[in-house]
Visitor: 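My structure is below; once you've seen it, I'll send some questions.
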Protein chains: 2
Amino acid sequence: MDPLDKLTGSRIEKPQTAADHVATTLREAIVKGSVAAGTALRQDDLASRFSISRMPIRDALRILEAEGLVSIHPTRGAFVAKMDTTEIREIFTIRVLLEVEALRLAFPKLSRDVLDQADHALNRIDEERDVSRWGILNLAFHMALYRECRNARLLTLIEAQHNAADRYVRVLLSDAEFHTRSDTEHRAILNACNQNNEALALQLLAKHLNDGCQKLIKSLK
Amino acid sequence: MDPLDKLTGSRIEKPQTAADHVATTLREAIVKGSVAAGTALRQDDLASRFSISRMPIRDALRILEAEGLVSIHPTRGAFVAKMDTTEIREIFTIRVLLEVEALRLAFPKLSRDVLDQADHALNRIDEERDVSRWGILNLAFHMALYRECRNARLLTLIEAQHNAADRYVRVLLSDAEFHTRSDTEHRAILNACNQNNEALALQLLAKHLNDGCQKLIKSLK
DNA sequence: ACTTGTATCCTTGTATACGAGTATCCCTCG
DNA sequence: CGAGGGATACTCGTATACAAGGATACAAGT
């Protein structure tokens, strides 16, 4: 086998298109909470703000719609997806399902390397003062544990659901108690992995997600 | 609260846009197998075939990309997603997960009405001579059992994964033995539901999906 | 003969322009 | 004074047009 295959295989370079740029920027803004749920996203308004035409904007909105962050009504426009407890419950039901399975599949393959990556992500959360970056680091921690499940499709779904949930979670981050408890739970999960205790790790992960869901719902009413 | 909200809420009428039309047509063609996996989907080629411009085509391709039926490489174009055993395994792992959970959630709420709908779908499969319609009817049977899970997001994911799998399943339909066995398994699941035997129904469903996956993989090599 | 450079073509990404549908506001009528 | 109807403005969906990037074929040099 050609030794260069590793390079081409691992790094599938996708030329960053304008639509992608808009999508990531908008995604961050929505997840971050800087645009309220229900806000109308006018195409030519966005176009002028980004100093581009409406076409890439349309593409970006379609991308975000697929991720569940915005909903598009033909002839009426795009809106930041609503924030209701029903959807939160739906998302977290799915997340528990997907993520527990991902960890279960990945567990036998967990190496020192990925566990270190997960640990590194947790440490960076502690050091990070910019609240808006916690979401990404949180995702990095979880994904590090799941990556070895060797199911690209599953990982894609998990990431999408995580993003959909993250903008809700955001409102809790100012709550210091929530943050420290989340950190404690993260480290407990990682410990279970280090001790090769699969059943415990899965149970802790499910509890971690369910608790977050309950906390979130409580904070919204 | 306005009593009319119920109407507007339940029936969200989406004016069928050209992009949607193209998406459904293309989806059927891909699932049906009339366009081979890996085929390049040229935008202006499709545009001339549908006698419209490239813009709705682009939108349609994005929709299908989100469903996992095509993959888009910037500056290179869109291609019908590849058909390999790896992806089949990935899809069915996810399907088992999602569908078993959906049935579990729906089980306590299963009514005579929905069970009749499921039964009706099975009878229509037997009567249907047009092989290309079996996929839709098969989906109808499964979705009837899951609908009452009351998780719209979960149902959307299930439908997407089903579509992604269906075009592989298609190659097996000519196999009469596969078809009769699938029918037997379907009726067994429905029976378990009718007898209110949840554990059995879930087990049969998981087996039904896993067996289909194995059969599929075997037929491809 | 194989590699490398180049020119052409092809395809996509983006911009601008136009038509259609919807919502809003105001005017008129009861 | 309130309700209904019509005109206007706004927004989206679609078409056409242009620009940029990559792929391919061919030619030249080693």
Side-chain angles (χ1 to χ4, degrees), chain A residues 2-5 7-9 11-27 30 35-36 38-66 69-82, chain B residues 2-5 7-9 11-27 30 35-36 38-66 69-82:
Chain A
D2 196 312
L4 289 179
D5 282 353
L7 288 175
T8 60
R11 189 180 291 220
I12 307 161
E13 20 194 321
K14 290 206 175 189
Q16 181 85 328
T17 174
D20 289 329
H21 174 68
V22 173
T24 52
T25 307
L26 270 182
R27 181 176 18 244
I30 294 175
V35 284
T39 307
L41 299 172
R42 298 290 153 223
Q43 294 181 357
D44 51 1
D45 176 42
L46 292 172
S48 60
R49 284 178 194 275
F50 283 95
S51 304
I52 57 176
S53 81
R54 274 170 43 216
M55 292 300 119
I57 303 289
R58 289 174 61 79
D59 287 348
L61 290 176
R62 281 234 177 269
I63 293 173
L64 296 177
E65 185 196 26
L69 288 178
V70 313
S71 58
I72 298 178
H73 300 264
T75 76
R76 292 190 51 195
F79 303 84
V80 178
K82 281 286 174 55
Chain B
D2 196 312
L4 289 181
D5 282 352
L7 288 176
T8 59
R11 189 182 289 224
I12 308 158
E13 22 194 318
K14 290 206 174 188
Q16 180 84 329
T17 173
D20 289 330
H21 174 67
V22 173
T24 53
T25 307
L26 269 182
R27 178 172 24 241
I30 295 174
V35 285
T39 306
L41 299 172
R42 299 290 154 224
Q43 293 181 0
D44 50 1
D45 177 41
L46 293 172
S48 59
R49 284 177 195 275
F50 283 96
S51 303
I52 57 176
S53 82
R54 274 171 44 218
M55 291 301 120
I57 303 289
R58 289 172 63 80
D59 288 348
L61 290 176
R62 281 231 178 271
I63 294 174
L64 295 178
E65 185 196 26
L69 288 179
V70 312
S71 58
I72 298 178
H73 299 264
T75 76
R76 292 189 49 193
F79 302 85
V80 178
K82 280 288 173 54

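Each chain gets a letter, A, B and so on, in the order its sequence line appears, and its residues count up from 1. FYI, side chains are in, hydrogens and waters are out, and symmetry mates aren't considered; it's all heavy atoms of this structure. Keep in mind it's a predicted model, so treat the numbers as computed, not measured.
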Visitor: Out of dT14(D), dT11(C), dG13(C), which has the shortest distance to the side chain of A18(B)?
Guide: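 Out of dT14(D), dT11(C), dG13(C), the nucleotide with an atom closest to A18(B)'s side chain is dT14(D).
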
Visitor: In Å and rounded to the nearest 0.5 Å, what is the CZ to CG distance from F79(A) to L69(A)?
Guide: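 Going from the CZ atom of F79(A) to the CG atom of L69(A) covers 16.0 Å.
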
Visitor: Tell me whether the side-chain N/O atoms of R58(A) come closer than 4.0 Å to OP1 or OP2 in dG13(D).
Guide: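 So the side-chain polar atoms of R58(A) do come within 4.0 Å of the phosphate oxygens OP1 or OP2 of dG13(D), strictly under.
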
Visitor: Measure from the side-chain heavy atoms of R42(B) and tell me the nearest of dG13(C), dC12(D), dT11(C).
Guide: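 Of all the options, the side chain of R42(B) is nearest to dT11(C).
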
Visitor: Looking at I72(A), L41(A), V80(A), V70(A), which hits side chain to side chain contact (heavy atoms under 4.5 Å, CB included) with L64(A)?
Guide: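 Passing option: V70(A).
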
Visitor: Which whole-number value in Å describes the distance from I72(A) CD1 to dT11(D) C1'?
Guide: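 Distance check: I72(A) CD1 to dT11(D) C1' gives 14 Å.
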
Visitor: Using whole Å, report how far NE2 of H73(B) lies from C1' of dC10(C).
Guide: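 Answer to the nearest Å: 18 Å.
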
Visitor: Nearest 0.5 Å, what's the CG-CZ distance between L61(B) and R54(B)?
Guide: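 CZ of R54(B) is found 10.5 Å from CG of L61(B).
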
Visitor: Write out a two-atom table: protein N or O, nucleotide N or O from nucleotides 15-21 of chain D, distance below 3.5 Å.
Guide:
residue : atom : partner : partner atom : Å
dA15(D) : OP2  : S53(B)  : N            : 2.7
dA15(D) : OP2  : S53(B)  : OG           : 2.7

Visitor: In whole Å, I'd like the distance from the CG atom of D44(A) to the P atom of dA17(C).
Guide: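 D44(A) atom CG is separated from dA17(C) atom P by 14 Å.
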
Visitor: Report the distance from atom CG of L46(A) to atom OG1 of T25(A), rounding to the nearest 0.5 Å.
Guide: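 Rounded to the nearest 0.5 Å, the CG-OG1 separation comes out at 11.0 Å.
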
Visitor: Report yes if some heavy atom in the side chain of R62(A) is under 4.5 Å from a heavy atom in the side chain of R58(B); otherwise report no.
Guide: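 The answer is no; the side chains never approach within 4.5 Å.
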
Visitor: Look at Q43(B) and dG13(C) and indicate whether a side-chain polar atom (N or O) is within less than 4.0 Å of OP1 or OP2.
Guide: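 Yes, within the criterion.
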
Visitor: Rounded to the Å, how far apart are D59(B) CG and dG13(C) C1'?
Guide: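 So the two atoms are 13 Å apart, to the nearest Å.
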
Visitor: Just how far, in rounded Å, is P of dT11(D) from CD1 of I57(A)?
Guide: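 My rounded result for the distance is 15 Å.
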
Visitor: Atom CZ of F50(B) to atom P of dT14(D): distance rounded to whole Å?
Guide: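 Rounding to the nearest Å, CZ of F50(B) and P of dT14(D) are 13 Å apart.
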
Visitor: Let me know the distance between CG of L61(B) and C1' of dT12(C), rounded to the nearest Å.
Guide: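 The distance from CG of L61(B) to C1' of dT12(C) comes to 11 Å, rounded to the nearest Å.
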
Visitor: To the nearest 0.5 Å, what is the distance between CZ (R27(A)) and CG (D20(A))?
Guide: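 R27(A) atom CZ to D20(A) atom CG measures 8.5 Å (nearest 0.5 Å).
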
Visitor: Any non-hydrogen side-chain atom of I52(A) less than 4.5 Å from a side-chain atom of V22(A)?
Guide: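 Side chain of I52(A) against side chain of V22(A), heavy atoms only: contact under 4.5 Å found.
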
Visitor: Just how far, in rounded Å, is C1' of dT14(C) from CG of L46(A)?
Guide: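 Value for this atom pair: 16 Å.
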
